Structure formats: C-alpha cells, structure tokens
Amino acid sequence: GQQLNQSPQSMFIQEGEDVSMNCTSSSIFNTWLWYKQDPGEGPVLLIALYKAGELTSNGRLTAQFGITRKDSFLNISASIPSDVGIYFCAGLTRDDKIIFGKGTRLHILP
Amino acid sequence: DAGITQSPRHKVTETGTPVTLRCHQTENHRYMYWYRQDPGHGLRLIHYSYGVKDTDKGEVSDGYSVSRSKTEDFLLTLESATSSQTSVYFCAIKGRVSTDTQYFGPGTRLTVL
C-alpha cells in the first residue's frame with residue numbers, strides 16, 4: 001500500500017533555531033497536509049498544499065509541495081517552546097483517503 | 001473548532017469485553033472517520049462513513065465494527081476487546097470548505113488488560 005516516509009523521527013534543537021522536516025513517498029499525491037499534535041490532544045491542521053511546487057506559509061511555518069508530487073517539506077523558523085509536539089505529514093489518495101506519516105517528534109532544549 | 005467530541009476520553013477494560021466509543025459532531029458533516037494511533041505507526045484508518053448507514057473499511061478494520069444511525073454520531077465497537085487494541089482512538093470529520101482536509105477530535109485512550 002501507499003506509505004509516507006517522514007524524517008527525522010525526532011529532533012532536539014535549541015530554542016530560536018530553525019527546523020526542517022520532510023516527507024517522501026513512492027506514490028503521487030494531489031494534496032499534502034501538515035498536522036501538529038500536542039500531548040493528549042488530536043492532530044491540528046497546520047498547512048494544506050494543493051499544487052505541485054506550491055510554497056505556503058502560516059506564521060513561522062512554511063511548507064512546500066514537491067515538484068514531483070512525491071514529497072513535501074515543512075520548515076519552522078525561530079522555534080519557541082510551544083512548537084514542541086509531533087508533526088505529521090499526510091497525503092490525500094485518489095480514493096479520497098488520507099495516509100499519514102509516522103511523525104516527527106520535536107523537542108526544544110532550554 | 002470543528003465541534004467534535006469523543007466519549008469516553010479514557011477507558012480501561014478487560015480482554016473479551018465489548019467496548020463502544022462514541023464520536024459526536026455538531027456541524028452536520030457528512031464524512032466521519034475513525035483512526036487509531038500507536039507508537040511507530042502514526043495514524044491508521046479503521047473505518048469511515050460517508051453518510052447515515054453508509055460505512056466502509058479502512059486499513060486496519062479487523063476486530064472493529066461501526067454504525068452511523070444519525071448524522072451527528074459515529075460509533076466504533078470492539079466486539080471482544082483484545083490487548084492489541086490498546087491504543088488512542090481519534091475521530092475525524094472532513095472539512096466542509098476545504099474538503100481535502102480532515103479535522104480531529106480530542107481522542108479516546110483505551111487500555112485493554
């Protein structure tokens with residue numbers, strides 16, 4: 001079946017640093033989504049990407065839809081403590097289901 | 001806020017007992033989904049519904065059944081719970097404006113002893 005490979009699995013960074021994470025697949029997706037999950041809560045949608053090559057920002061977050069349609073990237077600039085959590089990429093399949101990556105767990109060191 | 005609630009939020013049960021989890025939404029969304037989240041697996045689709053009494057299987061449907069008798073409620077039933085069904089269960093709805101996206105409830109943590 002379709003799978004998304006998300007990397008890195010976890011990151012330890014200093015407050016104020018920039019963060020980059022990515023998601024790749026052997027399959028093409030027409031929509032890429034990025035979610036964040038805080039402890040004890042459900043995932044919350046951060047950014048949705050609908051077009052190959054698209055670059056979309058949401059505050060300090062920027063995501064890109066890869067030109068091949070098989071990958072996507074999320075960058076967080078100037079990280080702050082509330083950025084801690086698990087970030088999931090997700091792709092929308094042709095039969096309208098969403099496939100999730102396994103997540104990148106972000107830790108911020110004081 | 002997508003108006004999704006899940007109940008119970010936490011449950012501990014014993015192997016072999018039936019368990020029903022409830023997802024309730026207040027915004028008349030047609031599509032609803034049940035996922036489970038496990039370490040190392042991310043979120044995996046169990047079942048989904050595209051209308052009242054219209055449901056279909058997802059990736060990991062074995063051992064689970066669902067029912068949707070009203071638009072606002074989507075029930076997930078474990079007929080005979082097993083320890084492998086210990087997980088966090090999330091309900092989601094499809095966005096109405098952004099139909100390519102899904103919005104999640106707060107989750108139910110289920111422990112099967």
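Source: prediction; values computed, not measured. In what follows, every chain begins at residue 1, and chains take the letters A, B, ... in the order their sequences are listed. Below, each value reflects all heavy atoms present in this structure, side chains not excepted, and no hydrogens, waters or symmetry copies.
Contacts of Arg9(B) with chain A are made by side-chain atoms alone, with heavy-atom separations under 4.5 Å and no backbone atom involved. Looking at Ile98(A), the atoms closer than 4.5 Å to chain B (heavy atoms on both sides) sit in the backbone and in the side chain alike. For Leu45(B), the part lying near chain A is the side chain, with the backbone staying farther off; criterion is any non-hydrogen pair under 4.5 Å. Contact of Gln6(B) with chain A is not made at all, since no heavy-atom distance falls under 4.5 Å. For a residue to count as touching a neighbouring chain, one of its non-hydrogen atoms must lie under 4.5 Å from one of that chain's; by this rule Gln9(A) does not touch chain B.
Considering only heavy-atom pairs separated by less than 4.5 Å from chain B, the leading option among Leu33(A), Asn30(A), Ile99(A), Leu4(A) is Leu33(A).
Within the 4.5 Å cutoff, no side-chain heavy atoms of Ile93(B) are placed close to those of Phe104(B). A heavy-atom distance below 4.5 Å is found between the side chains of Pro43(A) and Leu43(B).
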Pair Tyr35(A)-Gln102(B), side chain to side chain contact (heavy atoms under 4.5 Å, CB included): steps then yes or no:
CA-CA 10 Å; Tyr35(A) 286 85; Gln102(B) 291 180 13; 3.8 Å; yes

Tell me, with the steps shown, if Asn75(A) and Thr62(A) meet side-chain hydrogen bond (donor to acceptor under 3.5 Å, both in side chains).
CA-CA 5 Å; Asn75(A) 295 314; Thr62(A) 301; over 6 Å; no

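The neighbour count for Arg109(B) CZ, taken as heavy atoms of other residues, nucleotides or ligands under 6.0 Å away, does not exceed 12.
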